> 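Here it is, the structure in full.
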Protein chains: 4
Amino acid sequence: MKKIRIAIIGANGYTGFMLLKLLASHRHAEVTFVTSRSEAGKPVSALYPTLAGAYAGLAFSEYDPEKVKDVDVAFTALPHTAAAKIGGELADAGVKLIDLSADFRYTSKALYETTYGVTHPRGDLLKVAVYGLCELNREKIKSARIVGNPGCYTTAAILALKPLVDSGIIDTAGVIIDAKSGVTGAGRKADVNYSFCEADDNFKAYSAVGHRHTTEIEEKTGIPSLVFTPHLLPVKRGILETIYARIKSGDKAEIDACYEKAYGGERFVHTAGGNLPELKTVRGSNCAAIGYALDEKNGIVKIVSVIDNLIKGASGQAVQNMNIMFGLDEAEGLPLVGEHL
Amino acid sequence: MKKIRIAIIGANGYTGFMLLKLLASHRHAEVTFVTSRSEAGKPVSALYPTLAGAYAGLAFSEYDPEKVKDVDVAFTALPHTAAAKIGGELADAGVKLIDLSADFRYTSKALYETTYGVTHPRGDLLKVAVYGLCELNREKIKSARIVGNPGCYTTAAILALKPLVDSGIIDTAGVIIDAKSGVTGAGRKADVNYSFCEADDNFKAYSAVGHRHTTEIEEKTGIPSLVFTPHLLPVKRGILETIYARIKSGDKAEIDACYEKAYGGERFVHTAGGNLPELKTVRGSNCAAIGYALDEKNGIVKIVSVIDNLIKGASGQAVQNMNIMFGLDEAEGLPLVGEHL
Amino acid sequence: MKKIRIAIIGANGYTGFMLLKLLASHRHAEVTFVTSRSEAGKPVSALYPTLAGAYAGLAFSEYDPEKVKDVDVAFTALPHTAAAKIGGELADAGVKLIDLSADFRYTSKALYETTYGVTHPRGDLLKVAVYGLCELNREKIKSARIVGNPGCYTTAAILALKPLVDSGIIDTAGVIIDAKSGVTGAGRKADVNYSFCEADDNFKAYSAVGHRHTTEIEEKTGIPSLVFTPHLLPVKRGILETIYARIKSGDKAEIDACYEKAYGGERFVHTAGGNLPELKTVRGSNCAAIGYALDEKNGIVKIVSVIDNLIKGASGQAVQNMNIMFGLDEAEGLPLVGEHL
Amino acid sequence: MKKIRIAIIGANGYTGFMLLKLLASHRHAEVTFVTSRSEAGKPVSALYPTLAGAYAGLAFSEYDPEKVKDVDVAFTALPHTAAAKIGGELADAGVKLIDLSADFRYTSKALYETTYGVTHPRGDLLKVAVYGLCELNREKIKSARIVGNPGCYTTAAILALKPLVDSGIIDTAGVIIDAKSGVTGAGRKADVNYSFCEADDNFKAYSAVGHRHTTEIEEKTGIPSLVFTPHLLPVKRGILETIYARIKSGDKAEIDACYEKAYGGERFVHTAGGNLPELKTVRGSNCAAIGYALDEKNGIVKIVSVIDNLIKGASGQAVQNMNIMFGLDEAEGLPLVGEHL
């Protein structure tokens, strides 16, 4: 089988690294072009020495539209609006696009623009872009030419909430998501607030009101208005969300059946019933794991949803989308077992 | 001034260590007797080498009622029911008692017994015991002969919630506490679940329904039924609680005024308004810090309350109680500035 | 190709977990039998939930010689002497054996017995056992029926030292190894000294004189007597050794040539010259990385050698040995790229 | 007693923070002036919220020579050469100076200039400056008007080595120091290499040849040429050095006697004989702890020396020097007991 030729645009950050790591063990992938404005000219192993064995000859380049057009698929890991501009050009040129920014996630252009406070540079493409939450949108992804890869917090939240909302088990009013993320969620950067000395042994809430992922979760689940609070964990990788929702109708058996129906056949979404998953259940794998506890006295279900933010929450799901788009085994190159340790 | 003679019963655990650490720099305290069944005969510096300079001659002993009666005050750091039995004997003998277990925290014997699933061995003393949340109960503590030192989660929760409940700003229905604690909260123990390899880089919810601190918070705040979820952070020390409550009446100015009225003159409770405190704001100090954010769209206030679980959440507050009981400067021996790093 | 049928004896510890994790993505392996006395009857996913997707039906069993004989190869992860007894039985029965204990590592029975303070229960097998340091012993491993899988500290040390000793570049007198290991090196256990609260944020030397790996390194490198000091890092995985040796004859070019000759064609040993490798260069991969700095003023070469103690230092090398023994691609199932993050 | 008026020049970094933290509980100190070019105008609690209770009114200012002259003592925490210039002006004006840079540590101007690659701007003051290693230089410090506060690595090394060198127990040839430090040693900075994601879970050697502290240790111990390798631990605070030296003459009893003679009466230097100290023995305290193991087979003593790099290795020792210079109790404001947890 001919290898899929791949470009990664904006490859020096942590999602870029994780794409390179995952694609190194993908049997049908060949990364031919990686760009980084700040690191152009450097071998990828200068930033990430662990890549030395797998990518001996690969160096970061400046972005060059001519070279990129030679590939089958491009992953864009750029700031929003920049992603839409460059990604849009690539899509126009016939390159399949998997964009890791927010630019192709929203159906509603207005909601995107309100949330991000910008004008969408390629609003015309929102109609053709497909939201790349693989387990919920697989059929559309198969034929997509632009995939908006979901946000990390949103992947964990939507996988946990959508089946319960759709089945009418929970009330869509009063949903609260208390979310905790590892520091890689903030990306690779020189910022004293994310320095080891300031972030280790610490824990804090941030963007306590108005975090941008709120509207993405609302649009995709149909919950009209939810409360979302992100926190920063002193770990590198992993997201755990504790979600509080009021039970409208249903008990343990119905919740189990609901999740079983949604994810019973999935390899990358595990529902654990009353066994609440932990970060280490999924860190290092492309899996999401979902468990819950019923607080019957208060009529509340507490759902715990975990993913590795760099894998299922970003680069892993991006590769999963690529596998679907190219008709490959959906699990190719993707770790089913996590690190635990 | 004559030094206060002090016994610590059950001193080998982490609250015992922290009592010894704090009392080492207390100018009016003299620790004369420390007990531990499992470590009897060993110097305290065998378990905690950093105590070597301050407690060169002190060793753990078996508990001996005769020797203990010789002290002015005893701190009991024992499992519940054991604490009531031994603490009760000491109190009967005229020793002032500061108990770090749950045995003297509840006003309602029935609530204690339901929560802990045991019969209270000294229910007769609940009438004379005073709940040792210093800032809320200072007057009663002054003349108390038995103080039930509050739980760690409960200290952070009650300090944050009580003023808002009392002032009618928040609805007592629908309160949710999403609590995160460092691993010292589980004590000093040989348990694979708390081993470095299992707890580091991890994060999880536990006791997702029915954690015992729930009823303590309910009794002390007057909230009839609240939702409480504890989580385990991969840090040693510190509790951060994210508390969700519905605004009944009031705005930012009223909340600020409410907290200012409650804690304006306090040295160990800091209210930071919109600046959400972090673990490092208080770790290593006896301070609580409280901040909040208003989610006006959803009519919710998100309160963030932080303490060091071993200091304000246990041993520091115990020393603060001792200072109050003995008419000393309330801050004697207690760190006002935390570690940050 | 028919799958290799595999038993793991003593599979509940961390090397057992890592074998299961690695073999889950091995295309020619089928784990048919895993034993654990303490966990018999439990699914492997009860201890390690991240294995749920890959090993849905697999549970720990009691050891049963009859069942084990049905496999092609057995990995033994047992205490020393127990490993030799059970492993010896298996080998007698014609099962290929890869033993992760020290029992089949030594050529000299006397040295083993002095080092471990026991009588070797199957000293007769030392003649046929092959030391499984893949890069140095590949030809013998191909036809081995018993492989003594090297220790973690020893793998990092021998790979770094043997080429320099053999080429006469360094003096075999005065070699000092200052070694630092993550906590998984101590295994999975309930021990307060390895609890999160005691091990996190800490660093210490241990077994400062007489650590058992000293003699294994001496026997395999031909260094008659070396100084070895292990330390415990507050990380889960990874070993970094800083090795001090006196230059006998040679310069940078000769050292580079020496390492190039030894490892130039190897996929899992990377020599980085003056770029000193770090833990994150190899954690999560089966690679060793070796760099060095010349302290010309003092006539000393400082060599830095790193591995992931659970992979190249244990289970990864064990799988690499299996691949060699069964004529497979040596890299099958083994990660070439590490975690970095 | 009148309070000592104190300026801290360059107070925004971690040594500045630690000075503020320690001086907050010093009964005879009053910090009246803190400077920072980058943070001028901000309250100290904006950078370090935990200082809010103790320093409600204090803000960073631009440096102003007029205001500074009003104080009794100045701590300078500035880059080398800048420290000598500003510190020199202050000393000229009669302010006592405790400089935390390298500028006043060396006796030999030439050695300083070679080591730091600069011309000393105030070489004239080296004659009057006193090296502030309190336990070794106490008498001179009493009357000093300029104190060069020792480096962190050097404090741990000199305390461990000097008594053994002076007594002739160890050979001054062939000494090797394998040093490991927490990340605060690199200061407060926005640098991706010290970000949480790059530094956590990692360990590495750096400046493997030619680290500047080498010559400071050589000058102060009289060791003509030593081998020094620093490493970066994934912890915030603490230094542990494993020191290898050849025994020239002497046994365990002589080493014990040598250390007892040097430090038997000291409150802040603990010699533990064969009990090797760990980071947690001293983290959070002003203590150094020293232990050792004899490798008799190889004729080597392995000494383990630990300090908290921000306290005994910087700000704590600076306050200890101030206490000596002003005739106070040497322990005033200084923690004798560390954190352990």
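These numbers were taken from a predicted model, which means no experiment stands behind them. Every chain is numbered from 1 and lettered A, B, ... according to where its sequence line falls, protein lines coming before strand lines.
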> At their closest point, which heavy atom of V235(B) faces which heavy atom of P234(A), and how far apart are they?
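So the minimum-distance heavy-atom pair works out to CG1-CG, 3.6 Å.
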> At what distance, to the nearest 0.5 angstrom, does CG of D201(A) lie from CG of L341(B)?
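Answer for the CG-CG pair, D201(A) versus L341(B), is 10.0 Å.
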> Kindly compute the distance separating OG1 (T229(A)) from CD1 (I243(B)), expressed to the nearest 0.5 Å.
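It comes to 12.0 Å.
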> Atom CG of L232(A) and atom CG of L279(B): how far apart are they, to the nearest 0.5 Å?
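Interatomic distance, L232(A) CG to L279(B) CG, rounded to 0.5 Å: 11.0 Å.
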> Can you say whether R237(B) sits under 4.5 Å from chain A via the side chain, the backbone, both, or neither, judging by heavy atoms?
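It is neither, since no heavy atom gets under 4.5 Å.
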> Other residues, nucleotides and ligands only: do more than 12 of their heavy atoms fall within 6.0 Å of CD on E296(B)?
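Incorrect, the count does not exceed 12.
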> Pick one of side chain, backbone, both or neither for E198(A), based on which atoms fall under 4.5 Å of a heavy atom in chain B.
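For E198(A), the contact with chain B is made by backbone and side chain together.
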> Chain B heavy atoms under 4.5 Å from F228(A): which part of the residue, side chain, backbone, both or neither?
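Backbone only.
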> What option among S225(A), C197(A), G238(A), G299(A) has the most heavy-atom pairs under 4.5 Å with chain B?
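The residue among S225(A), C197(A), G238(A), G299(A) with the greatest pair count is S225(A).
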> In terms of heavy-atom pairs under 4.5 Å with chain B, which of I176(A), V306(A), L294(A) leads?
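Highest number of pairs under 4.5 Å: I176(A).
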> Are K180(A) and D178(B) side-chain neighbours, meaning at least one heavy-atom pair lies under 4.5 Å?
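In short, these two side chains touch, coming nearer than 4.5 Å.
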> Donor-acceptor pairs under 3.5 angstrom involving side-chain atoms of residues 203-212 of chain A: please list them, not counting sequence neighbours.
unit_1: Y206(A); atom_1: OH; unit_2: Y153(A); atom_2: OH; d: 2.7
unit_1: H211(A); atom_1: ND1; unit_2: H213(A); atom_2: N; d: 3.1

> Look up atom NZ in K280(B) and atom CG in D200(A), then write down how far apart they are to the nearest 0.5 Å.
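So the NZ of K280(B) and the CG of D200(A) are separated by 10.0 Å.
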> Going from OG1 on T214(A) to NZ on K297(B), what distance comes out if it is rounded to the nearest 0.5 angstrom?
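NZ of K297(B) is found 8.0 Å from OG1 of T214(A).
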> Shorter than 4.5 Å, heavy atoms on both sides: which option in I300(B), V227(B), D295(B) has the most such pairs with chain A?
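Maximum pair count with chain A is reached by V227(B).
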